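Residue numbering restarts at 1 for every chain, and letters A, B, ... go by the order of the sequence lines. Values in this document were obtained by computation on a predicted structure and should not be read as measured data.
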Number of protein chains: 2
Amino acid sequence: MYNIGAAAEAAELPVKTVRYYADIDLVTPSERSQAGYRQYGEAEVKKLIFVRRSRTFGFSVDECRELLSLYQDRNRESRQVKQIALQRIEEIEHKMAELQTLHDELAHLAETCRGDSRPDCPIIKSFSA
Amino acid sequence: MYNIGAAAEAAELPVKTVRYYADIDLVTPSERSQAGYRQYGEAEVKKLIFVRRSRTFGFSVDECRELLSLYQDRNRESRQVKQIALQRIEEIEHKMAELQTLHDELAHLAETCRGDSRPDCPIIKSFSA
DNA sequence: GTAAGGCTTCCACTAACTGGAAGGTCAAGG
DNA sequence: CCTTGACCTTCCAGTTAGTGGAAGCCTTAC
């Protein structure tokens, strides 16, 4: 069992955020200690990690709720799970393509910058033209 | 010259957001029409697109301001431009790796779902275990 | 010339945190 | 046993980045 601090560290999230997720019933601790401390198990930590990754890429908290439910709702039809997953995958692929573009733009910028003190990155011209 | 609606469409951003960016002086229209309409040139539209891409991947508005200034501030030292760019590239690569993980998780989920009405995606077990 | 659609400002609201105060808990050291 | 420091609690206020809607002006098309 993890206290909130340990769970937050394991999931690479701020403690405040983990507490917030508990408040909104997105990822709730499996129990409370006598003193009222939130206690998280391995499964909850995995959920937190999954949520962090999903949030990082623009899925709203409500979408995360839906994605999480893919894993949790055993009554959901397999077909429906598959459909939602495929839809999200498409979005992710679009995001990846854009991220690649952003990456390439910055890489090109970095490359063409000579790294010395001359303030004449060629890309500046191409952009402001 | 683009009116705000055309600029927003070209940049794939909501009109409201473009207006907001003007309000906070992130991307300002190059001029106003007699009637007070915001007028955007090609350069501003490119900036809007750049901002949208950057925002999509977790750069804050203030970070976008910095990234934009890489393109605009001709007095900035090339070395400094390069350093900021390289730093952001590292972040982007990290984001891409996580996005890939998320993608693979969902792809695996979709694959292992049989697509019929049986609610027994194997990944559910692996997750909740 | 009037109706539709786009533009303006302003103000209120939302989502998703984030910071800080006031105070309880727990393990370690003196 | 007691205290000190790190960690936990709730509650409330503030922030960021939009977003929705009202009231009203502008432009184009029939």
Side-chain angles (χ1 to χ4, degrees), chain A residues 1-41 44-45 47-69 91 95 98 102, chain B residues 1-41 44-45 47-69 91 95 98 102:
Chain A
M1 282 297 180
Y2 299 76
N3 275 355
I4 198 167
E9 191 178 8
E12 294 170 61
L13 280 171
V15 171
K16 277 270 180 183
T17 301
V18 176
R19 199 173 283 124
Y20 173 71
Y21 288 163
D23 286 353
I24 63 171
D25 287 312
L26 179 60
V27 179
T28 50
S30 39
E31 49 173 314
R32 294 276 185 142
S33 75
Q34 270 94 337
Y37 286 19
R38 291 171 183 81
Q39 307 288 150
Y40 294 87
E44 282 68 43
V45 170
K47 286 178 202 174
L48 288 170
I49 293 169
F50 183 84
V51 168
R52 171 178 53 74
R53 269 205 302 268
S54 307
R55 288 287 304 126
T56 306
F57 297 106
F59 294 112
S60 71
V61 163
D62 274 353
E63 284 167 334
C64 290
R65 225 183 276 279
E66 190 190 59
L67 287 168
L68 269 183
S69 81
E91 284 173 39
K95 279 170 199 291
E98 291 225 296
L102 189 60
Chain B
M1 282 297 180
Y2 300 75
N3 276 356
I4 198 168
E9 191 179 7
E12 293 170 61
L13 279 170
V15 170
K16 278 269 181 184
T17 302
V18 175
R19 200 174 282 124
Y20 173 70
Y21 288 163
D23 286 354
I24 63 171
D25 287 313
L26 178 61
V27 179
T28 50
S30 39
E31 49 173 313
R32 293 278 186 139
S33 75
Q34 272 94 337
Y37 285 20
R38 291 170 183 81
Q39 307 288 150
Y40 295 86
E44 282 68 42
V45 170
K47 285 177 203 172
L48 288 171
I49 293 169
F50 183 85
V51 168
R52 171 177 53 75
R53 268 204 303 266
S54 307
R55 289 285 305 123
T56 305
F57 297 106
F59 294 111
S60 71
V61 163
D62 275 353
E63 283 166 334
C64 289
R65 227 183 274 279
E66 188 189 60
L67 287 168
L68 268 183
S69 82
E91 284 173 40
K95 278 169 201 290
E98 290 225 296
L102 189 61

Return no unless some side-chain N or O of [X] is found under 4.0 Å from OP1 or OP2 of [N].
X: R32(A); N: dT10(D); result: yes
X: R38(B); N: dT8(C); result: yes
X: Y21(A); N: dA16(C); result: no

Starting from [atom2] on [N], measure out to [atom1] on [X] and report it in whole angstrom.
X: D23(B); N: dT8(C); atom1: CG; atom2: P; result: 10 Å
X: R52(A); N: dC17(C); atom1: CZ; atom2: C1'; result: 16 Å
X: R55(B); N: dA17(D); atom1: CZ; atom2: C1'; result: 6 Å
X: Y2(B); N: dC7(C); atom1: OH; atom2: P; result: 14 Å
X: I4(A); N: dC7(D); atom1: CD1; atom2: P; result: 13 Å
X: Y20(A); N: dG19(C); atom1: OH; atom2: P; result: 15 Å
X: N3(B); N: dC26(D); atom1: CG; atom2: C1'; result: 10 Å
X: F59(B); N: dA17(D); atom1: CZ; atom2: C1'; result: 17 Å

- Query: Taking for each residue the nucleotide of DNA chain C bearing the nearest heavy atom, is the 5' side occupied by I24(A) or by A6(B)?
  - Reply: A6(B)
- Message: Quick check for you: among dA16(C), dT27(D), dA17(D), whose closest atom lies nearest to any side-chain atom of V61(A)?
- Response: dA16(C)
- Which nucleotide in the list dT18(C), dA16(C), dG20(D) gets nearest to the side chain of K16(B)? dG20(D)
- Query: For S33(B), which contact category applies under a 4.0 Å heavy-atom criterion: base, sugar-phosphate, or nothing?
  - Reply: nothing
- Task: Tell me what R19(A) touches on the nucleic acid: a base, only sugar-phosphate, or nothing, going by heavy atoms under 4.0 Å.
- Result: base
Do [X] and [Y] have side chains that get closer than 4.5 Å, going by heavy atoms?
X: R52(A); Y: T17(A); answer: no
X: E91(A); Y: F59(A); answer: yes
X: R38(B); Y: R32(B); answer: yes

- hbond_proxy Y37(A) side chain to dG24(C) base (donor-acceptor, 3.5 Å cutoff): yes
- Message: Using a 3.5 Å distance criterion without hydrogens, assess whether the side chain of E63(A) forms a donor-acceptor pair with backbone atoms of S60(A).
- Response: yes
- Item | Nearest-nucleotide comparison on DNA chain D, the residue closer to the 5′ end among D62(B) and Q34(B) | D62(B)
- Message: Please give me the minimum heavy-atom distance between A8(A) and P14(A), naming the atom from each residue.
- Response: CB-C, 4.2 Å
